[in-house]
Number of protein chains: 2
Amino acid sequence: MSEKLPVSSAGLRRDLEILDVLAGHGDERDTDGFGVSWIAQRLDREKSQVSRALRALEAEGMVERDPVTRRYRLGWRLFALAARSQQARLVQVSAPFLRRLATAFDEDAHLCVLRGDQVLTLVSMPSSRAYHRIWEGVSVPVIMAAAGRSLLADWEPDRVRELLRAKLPAGLDSAVSDEEQWMADLAHARTFGYVASDVELDDSAGAVSAPVRDHRGLIAAAVSVSLTRVPARPRLEEIGHAIADSARALSAALGYPAC
Amino acid sequence: MSEKLPVSSAGLRRDLEILDVLAGHGDERDTDGFGVSWIAQRLDREKSQVSRALRALEAEGMVERDPVTRRYRLGWRLFALAARSQQARLVQVSAPFLRRLATAFDEDAHLCVLRGDQVLTLVSMPSSRAYHRIWEGVSVPVIMAAAGRSLLADWEPDRVRELLRAKLPAGLDSAVSDEEQWMADLAHARTFGYVASDVELDDSAGAVSAPVRDHRGLIAAAVSVSLTRVPARPRLEEIGHAIADSARALSAALGYPAC
DNA sequence: CAACTGGGTTGCGCTCATCGCAACAGATTT
DNA sequence: AAATCTGTTGCGATGAGCGCAACCCAGTTG
């Protein structure tokens with residue numbers, strides 16, 4: 001335990017591991033935070049270190065402790081910092097557009113960005129459906145996300161192929177594992193401004209997504225709508241056009257020169 | 001410079017100071033980040049330390065660096081951390097506020113979120129009254145819930161009208177079925193931070209609600225208090241202000257930058 | 001071109017903050 | 001009362017971070 005990694009600030013890493021655990025309920029439902037021992041065990045670290053680290057984090061407002069259960073959860077300061085990040089602006093601008101999409105089709109609408117080879121979902125606008133899988137703040141490999149096709153639309157073909165070859169063998173096979181199909185999807189995204197994919201890791205029947213460009217014309221994000229039932233072809237095109245329009249309007253709102 | 005404070009983890013404090021600087025443009029509009037020297041000078045710290053700390057922070061995704069200008073900005077990881085734990089935190093943090101409201105007026109207090117065109121009640125804090133209608137986990141159409149007016153406060157007028165027209169004919173007529181009254185209510189919610197509605201589907205005499213904003217500034221939820229007897233006008237305003245204050249405090253606790 | 005300036009990184013000893021153990025203190029359970 | 005689970009703290013060894021200074025790189029300036 002606690003290997004001698006040659007790397008830099010170990011303290012930072014430790015603190016972030018702790019924060020990740022506190023954030024990482026992910027699949028579990030609403031827990032009321034986590035205790036020191038549980039966290040220590042999960043991270044395979046000394047209880048004492050976790051205890052001390054948490055106290056420091058608490059003093060700084062990064063975590064807070066329920067006075068009665070003595071369990072920790074993320075604190076206000078983290079949220080305040082997050083509010084000031086670049087992404088926050090993107091979120092605020094995109095909210096109305098996502099809302100419109102979500103209500104128009106009564107399906108969840110998302111805004112995603114590319115982070116390395118992962119697709120990070122920034123906002124999820126829930127539909128009226130009973131269960132709403134929470135994707136916000138979650139990263140998935142780019143090849144498994146519908147939005148991935150939109151986000152990679154501007155990449156050179158070679159880079160895309162490289163990425164696919166590196167990732168595909170290891171991972172599960174995506175909806176369209178075929179390389180050529182991917183290239184076709186990317187071309188579709190470029191020419192029509194949207195792209196549909198059949199199956200996703202979600203329990204949905206597919207998804208449609210469209211690239212969003214910033215003021216420099218670079219693809220900064222993608223909107224995507226996951227479909228719980230597979231629509232007929234004409235309907236799919238209709239949805240696609242709606243999403244493409246939405247993405248275009250959002251791009252314009254971000255300063256992308258209309259064309 | 002860099003006093004010998006007797007305190008705990010100095011590294012954490014340093015990192016957070018740096019993050020605060022990166023976040024703290026506050027008044028200035030979109031600067032494209034800050035350079036090492038500038039930050040070091042502002043914090044009265046060694047350039048070398050700031051440089052090293054920033055590299056570590058970047059490796060962890062807490063900050064990101066513009067490859068061309070070499071300036072640093074807050075990174076995606078902050079956002080991801082905050083986003084993932086947002087709803088869980090909402091429930092946790094709101095409990096004391098709801099309790100306070102419930103006891104202050106001896107009426108049931110609720111926390112509701114928007115799911116598509118439905119209002120879902122996440123938490124109900126019972127008053128001391130004998131019968132407590134259980135609302136937790138129940139969805140009602142947005143036009144029939146008091147909290148709906150708060151939750152829609154940020155929507156564009158056109159979207160609201162669209163929703164009203166789609167829903168009203170089919171459904172029962174709500175307390176305020178009149179479109180203009182709705183728009184007035186939304187405006188009231190925006191300017192005063194709360195809104196009252198006369199009658200609800202509950203067996204109550206009305207309800208007062210207020211919007212709660214998350215760290216991104218989006219309306220994430222609404223607090224509402226249902227009233228079993230209709231109060232006099234001045235009393236209603238008093239209650240409204242109390243709820244608006246509560247919602248504001250809750251928003252702040254969620255990381256909404258006060259302003 | 002050489003000298004200068006300002007931003008950023010890195011080498012390197014010294015020292016102090018952090019580590020892990022183990023003991024301790026409460027709360028709950030048996 | 002013993003057992004167990006929680007979380008906190010004392011303490012000595014040690015290694016990580018500190019600050020200085022040297023350095024690299026790009027622009028400016030003479």
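What you are looking at is a predicted structure, and each value in this text was computed from that prediction instead of being measured.
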It should be established whether [X] places a side-chain nitrogen or oxygen under 4.0 Å from OP1 or OP2 of nucleotide [N].
{"X": "Arg14(B)", "N": "dC18(D)", "value": "yes"}
{"X": "Arg65(A)", "N": "dT8(D)", "value": "yes"}
{"X": "Arg55(A)", "N": "dT9(D)", "value": "yes"}

What's the [atom1]-[atom2] distance between [X] and [N], to the nearest Å?
{"X": "Leu54(B)", "N": "dG17(D)", "atom1": "CG", "atom2": "P", "answer": "15 Å"}
{"X": "Asp15(B)", "N": "dG17(D)", "atom1": "CG", "atom2": "C1'", "answer": "12 Å"}
{"X": "Arg52(B)", "N": "dA16(D)", "atom1": "CZ", "atom2": "P", "answer": "14 Å"}
{"X": "Ile18(B)", "N": "dG17(D)", "atom1": "CD1", "atom2": "P", "answer": "13 Å"}
{"X": "Gln41(A)", "N": "dT4(D)", "atom1": "CD", "atom2": "C1'", "answer": "15 Å"}
{"X": "Arg70(B)", "N": "dC24(D)", "atom1": "CZ", "atom2": "C1'", "answer": "11 Å"}
{"X": "Asp44(A)", "N": "dC19(C)", "atom1": "CG", "atom2": "C1'", "answer": "15 Å"}
{"X": "Ile39(B)", "N": "dT9(C)", "atom1": "CD1", "atom2": "P", "answer": "10 Å"}

Locate the shortest heavy-atom distance separating Ala147(A) from Ser209(A); write the atom from each residue and the value.
->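 Ala147(A) and Ser209(A) have their closest heavy atoms at CA-OG, 3.7 Å.
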Looking at residues at least two apart in the chain, or sitting in another chain, which of them share a ring-ring contact (aromatic ring centres under 6.0 Å, His included) with Tyr194(B)?
->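 Tyr194(B): ring-ring contact (aromatic ring centres under 6.0 Å, His included) contacts with His188(B), His241(B).
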Counterpart residues, ring-ring contact (aromatic ring centres under 6.0 Å, His included), relative to Tyr72(B) (two or more places apart) |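 Checked Tyr72(B) against ring-ring contact (aromatic ring centres under 6.0 Å, His included); zero matches.
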Between [options], which nucleotide gets closest to the side-chain atoms of [X]?
{"X": "Gln49(B)", "options": "dC18(D), dC21(C), dT8(D)", "value": "dC18(D)"}
{"X": "Ser51(B)", "options": "dT9(C), dC18(D), dT8(D)", "value": "dT9(C)"}
{"X": "Glu46(A)", "options": "dT9(C), dC21(C), dT8(D)", "value": "dC21(C)"}

Any salt bridge (Lys or Arg N to Asp or Glu O under 4.0 Å) pairs touching residues 91-102 of chain B, not counting sequence neighbours?
->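 Every candidate salt bridge (Lys or Arg N to Asp or Glu O under 4.0 Å) pair involving residues 91-102 of chain B fails, so no pair, neighbours aside, qualifies.
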Describe the nucleic acid contact of Ser48(A) in one word from base, sugar-phosphate, nothing, applying a heavy-atom distance below 4.0 Å.
->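 Answer is base: heavy atoms of Ser48(A) come under 4.0 Å of a base.
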Applying side-chain contact (heavy atoms from CB on, under 4.5 Å), name anything that partners Asp214(B), two or more places apart in sequence or on another chain.
->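 Testing Asp214(B) for side-chain contact (heavy atoms from CB on, under 4.5 Å), a comparison that skips the adjacent residues, returns Gln86(B), Arg216(B), Leu218(B), Ala220(B).
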Contacts of Ala187(A) that satisfy side-chain contact (heavy atoms from CB on, under 4.5 Å) - sequence neighbours left out |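 In terms of side-chain contact (heavy atoms from CB on, under 4.5 Å), with neighbours along the sequence ignored, Ala187(A) is linked to Arg190(A).
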Let me know, please, whether Val36(A) or Leu12(A) comes out on the 5' side of the other along DNA chain D by nearest nucleotide.
->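 Of the two residues, Val36(A) wins.
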Test Leu250(B) against every option in Asp245(B), Leu98(B), Leu111(B) by the side chain to side chain contact (heavy atoms under 4.5 Å, CB included) rule and name the one that passes.
->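 Going through the options one by one, the only one that passes is Leu111(B).
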Given protein heavy atoms under 4.0 Å, the one-letter contact record of nucleotides 24-30 of chain C, with B base, S sugar-phosphate only and - none, is simply -------
